[in-house]
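For reference, the structure discussed in these notes is given below.
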Amino acid sequence: AGILNFCANNYLGLSSHPEVIRAAVEALEKFGAGLSSVRFICGTQSIHKDLEEKIAHFHQREDAILYASCFDANAGIFEALLTPEDAVLSDELNHASIIDGIRLCKANKYRYKHMDMQDLEAKLQDAQKHRLRLVATDGAFSMDGDIAPLREICQLAQKYDALVFIDECHATGFLGPNGRGTDELLGVMDKVTIINSTLGKALGGAAGGYTTGPKPLIDLLRQRSRPYLFSNSLPPAVVGCASKALDLLMESNAIAQSMAAKTQRFRSKMTAAGFTISGKDHPICPVMLGDARLAAVMAEDMLNRGIYVIGFSYPVVPKGKARIRVQISAVHSDEDIDHCVEVFTEVGRKHGALP
Ligand code: PLP
């Protein structure tokens with residue numbers, strides 16, 4: 001019998017969409033398996049330029065630059081942009097790739113408490129002595145499914161003359177009325193300066209990442225960003241997938257809306273069954289269990305019953321906050337969602353997570 005996957009970042013189900021697969025095959029046949037080169041030598045084809053333009057258009061930004069992954073985009077941006085005279089202010093729960101990217105740069109580093117605007121303001125005040133300030137945050141945090149308070153962050157950034165950077169890996173394609181991301185959802189598209197995101201999750205799920213923002217910044221990254229300069233160009237099939245995924249999203253928001261409705265269905269049914277689900281309105285639905293062993297045995301038992309989910313415990317999440325992270329996709333049917341809730345309820349009762 002088939003197993004239902006509830007732990008992929010395939011939020012919109014586009015990695016198995018027939019048009020996305022066909023676009024990859026066509027790009028492979030027309031443009032070859034790969035470029036055997038970095039972008040600036042002989043690794044740029046028309047499809048790379050077209051995809052960069054499409055990404056910028058999708059996010060309503062001036063320009064975009066592709067990377068082999070969003071990990072690379074995050075590794076490459078801070079060092080290229082910031083000098084020892086500058087400051088970067090980072091949410092303590094930012095993704096590992098942001099943390100590593102910041103480690104590589106020589107700017108002054110401030111770490112503010114998770115989504116704590118008072119702490120951010122205090123750190124911004126302290127950072128006034130530096131030449132330039134950059135606030136860096138995940139748009140949506142992948143462990144808790146919570147969304148950064150971007151309106152407040154942008155207000156503080158304006159007050160203290162800072163730039164705002166967001167990592168939209170868990171938002172691009174589905175958050176906001178047209179799936180543009182957290183900045184669209186919270187009405188601050190014109191206030192966020194830099195967006196990094198991935199092509200390896202909602203946008204077809206193959207691989208690749210990018211930075212989009214003001215043209216002078218993208219020009220600077222093309223000159224200075226090490227993962228861009230010194231790593232191979234994205235393979236045509238991967239470019240084809242992402243390009244088609246963006247076309248589908250720009251034609252209609254029906255897929256994103258279907259995923260949002262299923263997320264709502266899962267969250268409300270699980271809450272009614274007695275579970276605590278962290279975050280709000282996000283397809284990352286962490287089922288909070290507390291105990292690490294309970295999360296592990298429940299996940300194993302769920303798999304035995306045909307539901308593929310993973311338990312997360314320390315050090316991936318704080319001690320005592322173990323959970324099973326469920327991720328909803330547009331390709332789940334209502335019946336799949338209901339079945340998942342039934343299995344959770346059965347397994348939860350068996351292991352004492354529910355009365
Ligand atoms: N940023 C966040 C918030 C992520 O969740 C991930 C992937 O797990 C990345 C960056 C890295 O993305 P990629 O897989 O494209 O390297």
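In each ligand, atom 1 is the first atom listed, and ligand 1 is the first ligand listed. Since this is a predicted model, take the numbers as computed values, not measurements. Note: hydrogens, waters and symmetry copies are ignored here, and every other heavy atom, side chains too, is used.
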Notebook entry, point to check: By number and element, which atoms of ligand 1 are closer than 4.0 Å to a non-hydrogen atom of Gly208?
Noted result: 15 (O)

Notebook entry, point to check: Does Glu26 pair with Lys244 as a salt bridge, N-O distance under 4.0 Å?
Noted result: no

Notebook entry, point to check: Which of the atoms of ligand 1 are close to Thr198, meaning less than 4.0 Å from one of its heavy atoms?
Noted result: 13 (P), 15 (O)

Check: Quick one: nearest non-hydrogen protein atom to atom 11 (C) of ligand 1, plus distance?
Finding: Phe71 N, 3.7 Å

Checklist line | Identified side chain to side chain contact (heavy atoms under 4.5 Å, CB included) partner of Phe275 from the options Lys269, Met288, Arg267, Met270 | finding: Met270

Next item on the list: Treat each ILVMFWY residue as a node, draw an edge where side-chain heavy atoms are under 4.5 Å apart, and state whether Phe31 and Val20 are in one component.
Entry: yes

Next item on the list: Identify the protein heavy atom lying closest to atom 12 (O) of ligand 1, giving its residue, its atom name and the separation to 0.1 Å.
Entry: Cys70 CB, 3.4 Å

Next item on the list: Mark the output for Ala73 as yes if a heavy-atom distance to ligand 1 is under 4.0 Å, and as no if none is.
Entry: no

Next item on the list: Look at atom 1 (N) of ligand 1 and say which protein heavy atom is nearest, naming residue and atom and giving the distance to 0.1 Å.
Entry: Asp167 OD2, 2.6 Å

Next item on the list: Mind checking the CD1-CG spacing from Ile255 to Leu248? Nearest 0.5 Å is all I need.
Entry: 5.5 Å

Margin query: Salt bridge check, Arg22 against Glu19: does any charged N sit closer than 4.0 Å to a carboxylate O?
Written below: no

Next item on the list: Do me a favour and list the nearest non-hydrogen protein atom to atom 5 (O) of ligand 1 with residue, atom name and distance?
Entry: His170 NE2, 2.7 Å

Check: In the protein, what heavy atom is nearest to atom 9 (C) of ligand 1, and what distance, to one decimal place, separates them?
Finding: His95 CE1, 3.4 Å

Note to self: Within this structure, what is the OH-CE distance for the pair Tyr112 and Met117, rounded to the nearest 0.5 Å?
What the structure shows: 5.0 Å

Notebook entry, point to check: Looking only at protein heavy atoms, which one is nearest to atom 8 (O) of ligand 1, and how far off is it?
Noted result: Lys201 NZ, 2.9 Å

Check: What is the ring orientation for Tyr67 with Tyr228, classed by angle as parallel under 30°, tilted 30 to 60°, or perpendicular over 60°?
Finding: perpendicular

Notebook entry, point to check: Does ligand 1 have an atom under 4.0 Å from some heavy atom of Ser97?
Noted result: yes

Item checked: Pairs meeting criterion side-chain hydrogen bond (donor to acceptor under 3.5 Å, both in side chains) with involvement of residues 302-312, two or more places apart -> Arg305-Glu346

Notebook entry, point to check: So is Asp138 polar-close to ligand 1, meaning N/O to N/O under 3.5 Å?
Noted result: no

